[in-house]
J.: 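Input: one structure, supplied below.
Below, read A as the first sequence line, B as the second, and so on, with proteins coming before strands; counting in each chain starts at 1.
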There are 2 protein chains.
Amino acid sequence: MKDRKKTIAGLKPLPQQGRSEQVIKALAKFIDRQKMVPGDRLPPERDLAEALGVARTSIREAVSQLAALGILEPRIGSGTFLLRTITSDTVYMPLSLDTDGLEDLLLKALEVRRGIEVEASIAAAKRRTEEDLHRMEAALLHMESLFKPEGGSGPADLAFHLSIYDAAHNPLFRQLLEQFRDLFQRFWTRPYGRPDFASNSFPYHRTLFEAIRDQDPHKAEQETRKLLNSVEDDIRMMKP
Amino acid sequence: MKDRKKTIAGLKPLPQQGRSEQVIKALAKFIDRQKMVPGDRLPPERDLAEALGVARTSIREAVSQLAALGILEPRIGSGTFLLRTITSDTVYMPLSLDTDGLEDLLLKALEVRRGIEVEASIAAAKRRTEEDLHRMEAALLHMESLFKPEGGSGPADLAFHLSIYDAAHNPLFRQLLEQFRDLFQRFWTRPYGRPDFASNSFPYHRTLFEAIRDQDPHKAEQETRKLLNSVEDDIRMMKP
DNA sequence: TTTGGTAATAGGTCTGACCAATTTGAAGGA
DNA sequence: TCCTTCAAATTGGTCAGACCTATTACCAAA
């Protein structure tokens, strides 16, 4: 097989890169330069198109992709808003889960989530700073102060766990686990008349905090497993 | 506030909102129904637009988003091709990371991957059947029979790990870990002149197999950690 | 058989228009 | 003054048609 590539010396391979890709780069640089934070609004598509010298179609293509990646959120009539900050060096790694025909989706998803959650606790125990500790403790105390312990759900519980993810100092943990929690919230039909549902995991929150405070990765793993095993029991008991 | 909507009885309000979302659903159903596999080509955008009764813009919007998620790959002049199969029930969890370089990206991704991989090994140790065991052993023997141990890369190594994921009897493990491996393959630039690269993890493959064979979840976790810690060392050593 | 060119195919971009939801702000009434 | 009401401006969503560029298929000539 002869090599038909005619690589003539001194001839550029020709840029050829697509418009929408360039626009994404430009938007990323703009967001970075403007120090935009989540919640900020981007300029209108028409203005961006004119400023970059491209058609609105190309702007929309780029915005559409960034929206699919969870970076931007266009709202009709309001504008396009930033959900997560990015820079020109941001790397995207989209994951997808096929839940079709998956029985016991919650249990199977929880198993994967447990692995990630355990690793996050281990990382938090290794890397937590004093500042992380303060935030975790504040969230824990607020959660414990509520009359009815919320256990495995509710904003106070969420805040505590988010503080752990942040203490791991690996943003992937928070991003992934937030989406796993969304998945649970979407398929979790909380049984009526049981306000104490998913509260068995309550005591493990403090022991987990203590493990991370003491920088004991092994104990952090154990307590996280106890916590999630308790959630697993609740899911199993939920079934009709 | 009066209702000015002229809702004529018998006329459907027609969800004009979210065309691209509808198109994505339709495409997912189509791909599912046609039993398309990675590498297959989708119908031309113009045909899809006509078939669905929407403008090509809406088709492009949907394709653009699916491309950003790594599902489709449009090639100029050739057509749009399927990279990963999806169904109507696929959930997407895109991640993004601002990295301080390649090493940082790989280490952060490996940390998450380790959590999932550990949990998969534990599940495999608990649930593996005799049949799983046969497949795992065959893959292990084939891998060991190669003159140069491949260690953390290569098709033989991949086959062994896939057999473990399957032995966990939770399809989410394989789905997620395959995508993590894709990521590593994409950014992992194997250094020249080091054919034995990433081979330090080689001996742990057998010990991991034995742990799963003996249905020892704790040992399976330990061996998996050793294996991935070895990979971590390789990444750290990768620096120029 | 190989080469070279032409037409058909298919994604990429552009233009301009209109639709629908939201926001804004001024007119009007309590 | 304060609030309601409503029309206009703003902004993202969709549509239509055209043209460009890259790829592929096919056919004719050497």
J.: Below 4.0 angstrom, which residues in residues 49-59 of chain B have at least one non-hydrogen atom near DNA chain C?
T.: B/Arg56
J.: As a check on the pairing definition, encode DNA chain C in dot-bracket form, counting Watson-Crick and G-U wobble pairs whose two distances are under 3.5 Å, and using | for partners outside this strand.
T.: ||||||||||||||||||||||||||||||
J.: Quick one: B/Glu45 CD to D/dC20 P, roughly how many Å, whole number?
T.: 19 Å
J.: What I'd like to find out is whether the side chain of A/Met36 reaches to under 4.5 Å of the side chain of A/Leu42, using heavy atoms alone.
T.: yes
J.: Work out which heavy atom in A/Leu83 is nearest to a heavy atom in A/Pro38; give both atom names and the distance.
T.: O-CB, 3.2 Å
J.: Mind telling me whether A/Phe160 and A/His205 have parallel, tilted or perpendicular rings, with 30° and 60° as the class edges?
T.: tilted
J.: OP1 or OP2 of C/dA10 less than 4.0 angstrom from a side-chain nitrogen or oxygen of B/Arg41, does that happen here?
T.: yes
J.: Where is the tightest heavy-atom contact between B/Gln179 and A/Ser96, given as atom of each residue plus distance?
T.: NE2-O, 2.8 Å
J.: Report the distance from atom CZ of A/Arg75 to atom C1' of C/dA21, rounded to the nearest whole Å.
T.: 13 Å
J.: Show your reasoning for whether side chain to side chain contact (heavy atoms under 4.5 Å, CB included) applies to A/Lys108 and A/Thr99.
T.: CA-CA 10 Å; A/Lys108 286 185 163 54; A/Thr99 66; over 6 Å; no
J.: Tell me: CD1 of B/Ile76 to C1' of D/dT21, nearest whole Å?
T.: 7 Å
J.: Take atom CD of B/Glu21 and atom P of D/dG12, then tell me their distance rounded to the nearest Å.
T.: 18 Å
J.: Determine, step by step, whether A/Leu176 and A/Tyr165 satisfy the side chain to side chain contact (heavy atoms under 4.5 Å, CB included) criterion, reporting the C-alpha distance in whole Å, the side-chain angles of both residues, the deciding distance to 0.1 Å, and the verdict.
T.: CA-CA 10 Å; A/Leu176 245 186; A/Tyr165 307 154; over 6 Å; no
J.: Of all the heavy-atom pairs spanning A/Leu228 and A/Leu110, show the shortest one and how long it is.
T.: O-CD2, 3.9 Å
J.: How many Å lie between CG on A/Leu82 and P on D/dG12, as a whole number?
T.: 14 Å
J.: D/dC19 C1' sits how many Å from B/Arg46 CZ, rounded?
T.: 10 Å
J.: In whole Å, I'd like the distance from the CZ atom of B/Arg19 to the C1' atom of D/dA16.
T.: 14 Å
J.: Hey, does the side chain of B/Thr80 come within less than 4.0 Å of C/dA10's phosphate (OP1/OP2), counting only N and O?
T.: no
J.: With heavy atoms under 4.0 Å as the rule, sort B/Arg60 into base, sugar-phosphate or nothing.
T.: base
J.: If you round to the nearest 0.5 Å, how far is CD of A/Glu137 from CG of A/Asp132?
T.: 13.0 Å
J.: Checking side-chain polar atoms at under 3.5 Å, does A/Ser163 have a donor or acceptor matched by the opposite partner on A/Asp166?
T.: no
J.: For C/dA10 and B/Ser78 - does any side-chain N or O of the residue sit under 4.0 Å from the phosphate oxygens OP1/OP2?
T.: no
J.: Quickly work out the A/Glu61 CD to C/dC14 P distance and round it to whole Å.
T.: 10 Å
